[in-house]
Peer 1: 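A single structure is presented below for examination.
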Amino acid sequence: MARILITSALPYINGIKHLGNLVGSQLPADLYARYMRARGHEVMFICATDEHGTPAELAAAKAGQPVADYCAEMHGVQAGLARGFRLSFDHFGRSSSARNHALTQHLAQRLGEAGLIEVVAEKQVYSLADGRFLPDRYIEGTCPNCGYDRARGDQCENCTKQLDPTDLIDPRSAISGSTDLEVRETRHLYLRQKSLRGAISAWIDSQADWPILTTSIAKKWLNDGEGLQDRGITRDLDWGVPAQFEGAPWQGMEGKVFYVWFDAPIEYISATAEWADVHGLGEEAWRRWWRTDEGAADVRYVQFMGKDNVPFHTLSFPATLMGSDEPWKLVDYVKSFNYLNYDGGQFSTSQGRGVFMDQALSILPADYWRWWLLSHAPESGDSEFTWENFQASVNKDLADVLGNFVSRITKFCRAKFGEAVPAGGAWGPREEALLTDLSARVAAYAAHMEAIEVRKAAAELRAIWAAGNEYLQSAAPWAAFKDDPEQAAATTRLAINLIPFYAALSAPFIPDAAGEMLAAMRAEGAGWPGDVRATLSALPPGHGFTVPEVLFRKIADEERAEWQARFAGRR
RNA sequence: GGGCCCGUAGCUCAAUGGUCAGAGCAGAGCGCUCAUAACGCUUAGGUUGGGGGUUCGAGUCCCUCCGGGCCUACCA
């Protein structure tokens, strides 16, 4: 038994995430966690809301709430949606927790004592009307290059020129529109990543098996231009982890907080500590996952994230941990995903384009979405959601291939033998051939899951489902029943046994349906089919079952068309 | 500007430099009647974006052009 630590990139607090966010980190992480648990490994699966930063403050202001209240409420909403999608976190924490405050400050202190933090004075734009410093992208004005009047302080969206906020003509606050801006000097802490470049580079180079998407992004940041740059890790905000605290090896940081990208990954660790707190466990319970000197040396740590998160997980966070000079567990495998597009364009939170997590669950149960999203995960390149494709996949894969299989064999058995596994007959060459085929497929499926090849695993699982239909068609128990009822009984007994077998294999993808299948077959204890032959005769003659409700309904053309129109834009 | 990724059947995607480039869906034909009109079998469909090159051999490696996407460090 191995110990697997799994983290999903933290969803930001300011609203409900769309399906692209879901498939890029939380959902595949859940698939992997469920699979590893099913294989008997000890799993710690951690996620949390990422709650600090300017967007959270602005969203709270817009909602007319104190930011702490807003975050608490939105955390509850996101936790509820996570449950709705059956995301099996061991803990879903909050980056604003007391644990994270303490650990963030501790690590910053260690970095400071190691000489890896310096104070840098810089000039930033301050908005008197808004009472806050403005991040570059929150300053708008006219582009000096092309004259576009809504250019942002970091870049002009019209001509793509990189800008400095002070380049803008007639700059104004993107928050309030106020032109009452001034440039003020402010001091910030910088993490001296440059001095860690060699160590990080060597560490990245040693990861031969990481996805090309992961290493190519990491290497670009390491080597591009002048290489890895020092990075500001504080901001002039109220909401966050205070950068001035007792024992801090610097002074003058009052009123400043750590930058979200400094404290967010630390929350992976803190959330594990929160988990221990919630369960009344001691410090050692979480430290054995994270401290290589306290038991984590044999942990395999796997992270899941969208490609936009890769630099922070391959460079900044490792720099924080390495620089602390404490034996923290570093990630072993970084699984990154491309983007999921929506019907010819991008998902857009601001324009309400695409399907958001709450909307998805209001239309169809989680399993439908889980299956489509995972079987189309954007692993090799960006992928695209279309309603036609979604409808086709759900109807064909789930309703026809799997759902109808369960339906046809349970109803056939009920009609000919009653609602119990029939006795009589024996396996012949056809059954042995099925066993051989399924054994090979289960091995291939497991290999894909171990390698986190999500789409390939889904394709193999579907083939395993289809094998049941092929077998039934070939054995034709409805015909055999007339002149060789013993043979029909043996066929039916085997086919009935395929249901708990399928349920166990499918549970990581479609946990609810798998549960329904096991409940209907009264086989709740069915685990991973390590021994396929034994599993396929696990339900003995006489074992009672019930014919389950329709597992998956079909999506009609009319509702597909209606959804297509409803989610086209403007939420 | 620089960099990275992608381009394969109508659609979504596979293919350590090595049999005839493969699956699923959609299409065509046949079969079955247990089943959610479901299932199975057979079959058609490709100058692997274009053009050059390396090689005994290229979807795969190199160059170039075309097209799409992403990143470029203060949104997260």
Side-chain angles (χ1 to χ4, degrees), chain A residues 9-14 21 50 52-56 58 122 124-125 133-139 152-155 160-162 164-165 174 188 193 212-213 215-217 219-221 223-225 228-232 235-236 259-261 264 306-312 315-316 338-339 341 346 375-376 379-386 388-389 391-393 395-401 403-416 453 455-456 458-460 462-463 466 468-479 481 488 491-492 495 547 549-554:
Chain A
L10 308 187
Y12 197 66
I13 194 69
N14 71 340
N21 298 129
D50 177 12
H52 297 141
T54 307
L58 296 179
E122 55 192 16
Q124 291 210 335
V125 174
F133 282 94
L134 297 177
D136 291 356
R137 65 165 312 185
Y138 284 105
I139 304 163
R152 296 192 326 205
D154 53 347
Q155 182 177 36
T160 74
K161 186 176 174 59
Q162 305 279 310
D164 202 63
H188 282 295
Q193 298 186 135
I212 188 168
L213 182 65
T215 49
S216 66
I217 292 172
K219 286 180 179 175
K220 172 182 166 45
W221 282 55
N223 303 321
D224 217 43
L228 187 62
Q229 297 298 297
D230 293 346
R231 195 174 176 94
R235 293 291 183 273
D236 289 290
Y259 177 42
V260 287
W261 265 116
K307 59 186 172 186
D308 52 333
N309 274 311
V310 169
F312 305 100
L315 307 172
S316 313
N338 288 284
Y339 292 142
N341 290 319
Q346 295 193 346
S375 62
H376 294 79
E379 289 177 301
S380 60
D382 291 351
S383 66
E384 176 156 320
F385 176 92
T386 64
E388 289 84 355
N389 191 305
Q391 178 191 26
S393 293
N395 288 357
K396 201 69 198 176
D397 300 347
L398 296 180
D400 292 347
V401 176
N404 182 58
F405 172 79
V406 172
S407 188
R408 69 191 292 201
I409 190 56
T410 52
K411 287 181 179 174
F412 176 78
C413 185
R414 180 175 62 184
K416 305 297 185 190
E453 294 272 11
R455 280 187 319 216
K456 289 180 182 175
E460 195 61 50
R462 187 194 187 281
N469 284 314
E470 292 163 22
Y471 169 71
L472 270 190
Q473 196 66 33
S474 159
W478 48 89
F481 187 77
T491 297
T492 303
V547 174
E549 296 297 309
V550 167
L551 281 179
F552 298 100
R553 74 175 187 85
K554 293 207 188 195

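Letters A, B, ... mirror the listed sequences (proteins, then strands); counts begin at 1.
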Peer 1: For A:Lys411, which contact category applies under a 4.0 Å heavy-atom criterion: base, sugar-phosphate, or nothing?
Peer 2: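 Since only primed, P, OP1 and OP2 atoms lie under 4.0 Å of A:Lys411, the category is sugar-phosphate.
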Peer 1: Is there side-chain contact between A:Thr491 and A:Trp478, with at least one heavy-atom pair below 4.5 Å?
Peer 2: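 Heavy-atom side-chain distance check fails, nothing below 4.5 Å.
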Peer 1: Can you check the distance between B:G27 and B:G22, where both ends of the measurement are the P atom (answer in whole Å)?
Peer 2: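 Taking atom P in both B:G27 and B:G22, they lie 23 Å apart.
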Peer 1: Nearest to the side chain of A:Glu470, which nucleotide is it out of B:G40, B:C13, B:C34?
Peer 2: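 The closest nucleotide is B:G40.
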Peer 1: When the P atoms of B:G46 and B:C63 are compared, how many Å lie between them, rounded to an integer?
Peer 2: 31 Å
Peer 1: Answer with base, sugar-phosphate or nothing: what part of the nucleic acid does A:Asp50 contact at a heavy-atom distance below 4.0 Å?
Peer 2: sugar-phosphate
Peer 1: Considering every strand and a 4.0 Å limit on heavy-atom distances, what is the contact class for A:Arg553: base, sugar-phosphate, or nothing?
Peer 2: nothing
Peer 1: If you define the side chain from C-beta out and look only at heavy atoms, does anything of A:His376 sit under 4.5 Å from A:Ser393?
Peer 2: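 Yes - at least one pair of side-chain heavy atoms lies under 4.5 Å apart.
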Peer 1: Map A:Ala392 and A:Tyr138 onto RNA chain B by nearest heavy atom, then report which one ends up closer to the 5' terminus.
Peer 2: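 Final value for this comparison: A:Ala392.
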Peer 1: Heavy atoms from C-beta onward define the side chain here; which of B:G3, B:C25, B:G40 lies closest to that of A:Arg462?
Peer 2: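 Looking only at side-chain atoms, A:Arg462 lies closest to B:C25.
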Peer 1: Taking the side chain of A:Trp221 as its heavy atoms from C-beta onward, which of B:C34, B:U36, B:U72 lies nearest to it?
Peer 2: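 Closest nucleotide among those given: B:U72.
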Peer 1: Base, sugar-phosphate, or nothing: which does A:Lys456 touch, judged by heavy atoms less than 4.0 Å apart?
Peer 2: sugar-phosphate
Peer 1: Could you tell me how far B:G57 sits from B:G40 if I compare only their P atoms? Round to whole Å.
Peer 2: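 To the nearest whole Å, 43 Å.
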Peer 1: Applying a 4.0 Å non-hydrogen cut-off, can you work out what A:Ser383 is touching in the nucleic acid: base, sugar-phosphate, or nothing?
Peer 2: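 Contact class for A:Ser383: sugar-phosphate only.
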Peer 1: Between the base of B:C74 and the side chain of A:Gln124, is there a donor and acceptor pair under 3.5 angstrom?
Peer 2: yes
Peer 1: Counting only distance, no hydrogens or angles, is the base of B:C74 paired donor-acceptor with the side chain of A:Glu122 under 3.5 Å?
Peer 2: yes
Peer 1: Counting the atoms with a prime plus P, OP1 and OP2 as sugar-phosphate, which does A:Glu549 contact under 4.0 Å by heavy atoms, base, sugar-phosphate, or nothing?
Peer 2: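 Counting heavy atoms under 4.0 Å across all strands, no contact is made by A:Glu549.
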Peer 1: Could you give the distance from NZ (A:Lys554) to CD (A:Gln391), rounded to the nearest 0.5 Å?
Peer 2: 9.5 Å
Peer 1: With heavy atoms under 4.0 Å as the rule, sort A:Lys416 into base, sugar-phosphate or nothing.
Peer 2: nothing
Peer 1: Are A:Pro311 and A:Ile217 packed together at the side-chain level, in the sense that at least one heavy-atom pair is separated by less than 4.5 angstrom?
Peer 2: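 Result yes, sub-4.5 Å side-chain heavy-atom pair found.
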Peer 1: Name the nucleic acid region contacted by A:Leu551, choosing base, sugar-phosphate or nothing; use a 4.0 angstrom heavy-atom cut-off, strictly under.
Peer 2: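 The residue A:Leu551 makes base contact.
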Peer 1: Can you tell me which nucleotide in B:A73, B:C74, B:C34 comes closest to the side chain of A:Arg235?
Peer 2: B:C74
Peer 1: Expressed in whole Å, how much space separates the C1' atoms belonging to B:A44 and B:G50?
Peer 2: 27 Å
Peer 1: Provide the distance between the two C1' atoms, one in B:G29 and one in B:U60, to the nearest whole Å.
Peer 2: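 Going atom to atom, C1' in each nucleotide, I get 36 Å.
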Peer 1: Under 30°, 30 to 60°, or over 60°: which ring-plane class applies to A:Phe481 and A:Phe412, parallel, tilted or perpendicular?
Peer 2: perpendicular
Peer 1: Just so I know, are the side chains of A:Asp308 and A:Tyr339 near enough to count as touching, which here means a heavy-atom distance under 4.5 Å?
Peer 2: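 Yes, side chains in contact.
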Peer 1: How far, in whole Å, is B:A14 from B:C5 if one measures between their P atoms?
Peer 2: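 Between the two P atoms, the distance is 16 Å.
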Peer 1: Let's see if you can work this out: which of B:C11, B:A38, B:C34 has an atom nearest to the side-chain heavy atoms of A:Asn389?
Peer 2: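 Of B:C11, B:A38, B:C34, B:C11 is nearest to the side chain of A:Asn389.
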Peer 1: Which one, B:C34, B:A26, B:C74, comes nearest to the side chain of A:Arg231?
Peer 2: B:C74
Peer 1: Under 4.0 Å, counting only non-hydrogen atoms across every strand here, what does A:Val260 touch: a base, just sugar-phosphate, or nothing?
Peer 2: sugar-phosphate
Peer 1: Report which part of the nucleic acid A:Phe405 touches: base, sugar-phosphate, or nothing (heavy-atom distance under 4.0 Å, all strands).
Peer 2: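 Nothing: the residue A:Phe405, judged by heavy atoms under 4.0 Å, touches no strand.
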Peer 1: When the P atoms of B:U8 and B:G51 are compared, how many Å lie between them, rounded to an integer?
Peer 2: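 It comes out at 16 Å once rounded to the nearest Å.
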Peer 1: Which whole number of Å gives the distance between the C1' atom of B:G18 and that of B:C61?
Peer 2: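 Those two atoms are separated by 14 Å.
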Peer 1: Go nucleotide by nucleotide along RNA chain B from the 5' end; which of A:His376 and A:Val550 gets its closest nucleotide reached first?
Peer 2: A:His376
